[in-house]
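Encoded as structure tokens, the structure appears first; notes follow it.
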Amino acid sequence: MNDSTLLQLLNARFAAAFTAAGAPGANPVIQPAARPEFGDYQANGAMGAAKQLKKNPRELAQAVIDHVDVSGIADTLEIAGPGFINIKLSDAFLASRANAALADAKLGVPLPAKQTVVVDYSSPNLAKEMHVGHLRSTIIGDALARLLAFLGHDVVRQNHVGDWGTQFGMLTAYLVEQDRAGNTAIALDDLENFYRAAKVRFDADPAFADTAREYVVKLQGGDAQVRALWQQFLDVSLSHCEAIYRKLGVQLTRADVRGESAYNDDLPRVVADLRQQGLLVEDQGAQVVFLDEFKNKEGEPAAYIVQKQDGGYLYSTSDLATLRYRSGTLHCNRSLYVVDARQGLHFQQLFTLGRKAGYVPADMQLEHVAFGTMMGEDGRPFKTRSGDTVKLVELLDEAVSRAHALVSEKNPDLDEATRQQVAQAVGIGAVKYADLSKHRTSDYVFSWDSMLSFEGNTAPYLQYACTRIAGVFRKAGELAVDAPIAITEPAEHALALELARFADVVNATAAEALPHFLCGYLYQLATQFMRFYEACPILKSEGTVLASRLQLAKLTGKTLETGLGLLGIEALEAM
RNA sequence: GCGCUCGUAGCUCAACCGGAUAGAGCAACGGCCUUCUAAGCCGUAGGUUACAGGUUCGAUUCCUGUCGGGCGCGCCA
């Protein structure tokens, strides 16, 4: 295992050199080179530091070069332009990094200080079936959870499902009716229809509506019979979710479910506590906290309502309870909320109040991992042609069947069982990758054609790179592959350089909670491998070159597979 | 009205605390399979980074303003 990433290593060496060159504390500003002709990495810190010290930037850069210790790391250091230092890493150094990565289960990624991190994601409403609106949270959250776990953190997945509220009175009341009619199982088979039917009954029959309201009271009062019915409904609904999670390859389990109802008993206590702290004000019959940090339309402090006029609680209340639970019980260092960007204001207010009320220690990070809306190709929110929400299960099935058709067309030689398996991995992978590869904060256009075109920055391209590597090893058979990697060709250098960046990219992705960083990297890596594959025939070479190239291919394969795995996407042996 | 966010090639997207000539893919055009999977590789073309100022040695990035889109703003989540 390496004890530091490439960026950490270069930063440390250059920071020392800046200090030695008379610019103590200067940030070396190390980055991958903007263009290949500038080398592999560049240090851009000389300009800024020289400015502060009123020195000539090129002279400072020269002094840094004179002092920097990069023996065994870099071949050449050159000053360019106003004071850039271009760094060309040595073949031997890149080879040693690659060899170290190959020998390490974590592919050379050093483990950071361990944290407990809560990842709140997916969180569907159990009253209905999951639809495409739940896709982004589920996919992004799952990728982040995998990534953080890979880095050695204690990850606490929290599926904050909607399992509470007035609609469950209606649903349990309807469940009783259907049960009496003897068709519970059939009725719950399609949750969407069940909900719709219950709503129709509710709107059409005042007697039923009264029963429904009565059930809400009983449910909240802890009535054993209604609770049992409610639980039965939740079980069925959760099973639907779990079927989706299995299809998607998402790691959430029943144990990760901690729904709104889990905080029910705590809500009065939260309100009482806020009142005791003097934060609470009664306004128009509601219990509110006024936050000076936020202004409403009249320029007055914004009201954050925690209890309604009728005494009912809101999501703001349960989110405050959630905050206390994650801090006080789970003792997490960092809490991520993978939730639609439209709830941004709510989270800002929640976090502000949470800190003000002392529910969250100063050193606990709270992050709203916001994402944009999934759009149709017409640029409007993704819907069916008739304007209905698209069921998630239908979208996923379509992805797999489209992938199956494409696989059958591209590779008719594969047997049907394999084709099914490939279609699964490719279809689901394409949907996930299309989402994860975009900057999560922006809205993105959902397009079957571009995600399944199998070209460019897509899951199939990455999976294809994996199959090419697997193909090499199938052909290689018994050839020795325990020899060390040696770098000579430019394509080998470029590939090894890309491989050496893995740890930094994983760190940045986790730090910023931006999965597209990792996607962009894997695409670059696959591209570099494709070039290497074309330029440096592996099995046509001999001896140590053959062995070295096989090892390079092996490390690339492991890195791609690991990277895809962190995104929740399957790598393939053949496709 | 206030707040958040976005505006980059014909299309879909990048651009890592401000760095060099703003990069990919698709679409267009031209090459490369008796050689490890051509779902690939190489090349050509394509830009006033919405607009106008400002800060800076240097701005897609930071600040101000304008225009345009999306979203949010007291009892839904």
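Throughout, protein chains are lettered first and strands after them, A, B, ... in sequence-line order, and every chain is numbered starting at 1. Only heavy atoms go into these numbers, but all of them, side chains included; no hydrogens, no water, no symmetry mates.
With its glycosidic angle more than 90° from 0, B:C26 is assigned anti.
If you check every strand for non-hydrogen atoms under 4.0 Å, A:S450 touches nothing. Heavy atoms of A:I538 sit under 4.0 angstrom from at least one base atom. Residue contacts shown for A:G471 are limited to sugar-phosphate atoms, with no base heavy atom under 4.0 Å away. A:A286 comes within contact range of at least one nucleobase, with a heavy-atom separation under 4.0 Å. Note on A:A50: nothing from the nucleic acid sits closer than 4.0 angstrom, heavy atoms only. Within the 4.0 angstrom heavy-atom criterion, no nucleotide atom of any strand lies near A:Q524. Nucleic acid contact class of A:G48 (heavy atoms, under 4.0 Å, all strands): base.
To the nearest whole angstrom, the two C1' atoms, one in B:U21 and one in B:A15, are 15 Å apart. Atom P of B:U60 sits at a distance of 10 Å from the matching atom of B:G19, rounded to the whole Å. Nucleotides B:A20 and B:U56, compared at atom C1', are 16 Å apart to the nearest Å. B:G3 and B:U64 are spaced 11 Å apart, taking the P atom of each and rounding to whole Å. Only the C1' atoms considered, B:G7 is 9 Å distant from B:U49, to the nearest whole Å. Taking the P atoms as reference points, B:C33 lies 39 Å from B:C16, given to the whole Å. Distance check on atom C1': B:G46 versus B:A22 gives 14 Å, rounded to whole Å. With C1' as the reference atom, B:U8 and B:U12 are 12 Å apart, rounded to whole Å.
A:N457 places its CG atom 19 Å from the P atom of B:A39, with the value rounded to the nearest Å. Computed from coordinates, the A:I30 CD1 to B:C16 P distance equals 16 Å when rounded to whole Å. In this structure, A:L522 places its CG atom 20 Å from P of B:C13, rounding to the nearest Å. Atom CG of A:L345 is separated from atom P of B:G3 by 12 Å (rounded to the nearest Å). Whole-Å rounding puts the A:E293 CD to B:C2 P distance at 21 Å. The distance between atom CZ of A:F294 and atom C1' of B:C2, rounded to the nearest whole Å, is 13 Å.
The phosphate of B:U37 has neither OP1 nor OP2 within less than 4.0 Å of any side-chain N or O from A:K410. Considering only side-chain N and O atoms, A:Y461 lies nowhere under 4.0 angstrom from the phosphate OP1 or OP2 of B:A24. Taking only side-chain nitrogens and oxygens, A:R35 comes nearer than 4.0 Å to OP1 or OP2 of B:G23. Residue A:Y304 places no side-chain N or O under 4.0 Å from the OP1 or OP2 atom of B:C73. Residue A:R468 places none of its side-chain N or O atoms closer than 4.0 Å to OP1 or OP2 of B:G40. Using a 4.0 Å cut-off, no side-chain N or O of A:Q348 falls inside it from OP1 or OP2 of B:G72.
The side chain of A:V445 has B:U12 as its nearest neighbour among B:U12, B:C75, B:C41. Of all nucleotides listed (B:G25, B:G40, B:C73), B:G40 comes nearest to the side chain of A:M530. Comparing B:A20, B:C71, B:C75 by their nearest atom to the side chain of A:L314 picks out B:C75. Each of B:A20, B:A39, B:C13 was ranked by its minimum atom distance to the side chain of A:Y444; first place goes to B:C13. Here the nucleotide nearest the side chain of A:H439, chosen from B:C75, B:A14, B:C17, is B:A14. The side chain of A:D283 approaches B:G74 more closely than any other nucleotide in the set B:G74, B:G70, B:A20. Picking from B:G70, B:A77, B:U37 the nucleotide with the shortest atom distance to the side chain of A:D443 gives B:G70. Ranking B:G19, B:C76, B:G70 by closeness to the A:Q31 side chain, first place goes to B:G19. Taking only side-chain atoms of A:Q309, from C-beta outward, the nucleotide of B:C41, B:C75, B:G19 with the closest atom is B:C75. Relative to the side chain of A:V29, the nucleotides B:G70, B:C76, B:C17 differ in distance, and B:C17 lies closest.
Closest heavy-atom contact between A:V472 and A:L539: O-CD1, 3.8 Å.
Using cut-offs of 30° and 60° for the angle between ring planes, the A:H134 and A:H131 rings count as tilted. A:H439 and A:H516 have tilted rings, their planes meeting at an angle from 30° to 60° on a 0 to 90° scale. Classified by interplanar angle (parallel below 30°, tilted 30° to 60°, perpendicular above 60°), the ring pair A:F347/A:Y337 is tilted.
For the 3.5 Å distance criterion, the side chains of A:N264 and A:Y313 fail to qualify, holding no donor opposite an acceptor.
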- Note on the structure: RNA chain B in dot-bracket form (Watson-Crick or G-U pairs under 3.5 Å, [ ] crossing, | inter-strand) is (((((((..((((.....[...)))).(((((.......))))).....(((((..]....))))))))))))....

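Taking a 6.0 Å sphere around CD of A:Q52, one finds it holds 12 or fewer heavy atoms contributed by other residues, nucleotides or ligands. Under a cut-off of 6.0 angstrom, the local environment of CD in A:Q8 is crowded, with over 12 non-hydrogen atoms contributed by other residues, nucleotides or ligands.
Here A:F84 does not pack flat against the base of B:G19, since the 5.5 angstrom centre distance and 30 degree tilt limits are not both met.
In summary, A:E489 and A:R531 do not engage in a salt bridge, as defined by a charged side-chain N under 4.0 Å from a carboxylate O. A salt bridge is defined here as a Lys NZ or Arg NE, NH1 or NH2 lying under 4.0 Å from an Asp or Glu carboxylate O, and A:R501 with A:E498 meets this definition.
Nearest-nucleotide mapping onto RNA chain B: of A:T441 and A:P460, the residue sitting toward the 5' end is A:T441. For A:L406 and A:H516, each mapped to the nucleotide of RNA chain B holding its nearest heavy atom, the one lying further toward the 5' end belongs to A:H516.
Of the possible polar contacts, one joining the A:K438 side chain to the A:A434 backbone as a donor-acceptor pair under 3.5 Å is found.
With hydrogens and angles ignored, a donor-acceptor pair closer than 3.5 Å exists between the side chain of A:Y315 and the base of B:A77. With hydrogens and angles left out, the side chain of A:N27 and the base of B:C17 share a donor-acceptor pair within 3.5 Å. In this model, a side-chain donor or acceptor of A:N86 finds a partner on the base of B:A20 within 3.5 Å.
Figure legend: cation-pi geometry between A:R258 and A:Y325, with NZ or CZ positioned under 6.0 Å from the six-membered ring centre and within 45° of its axis.
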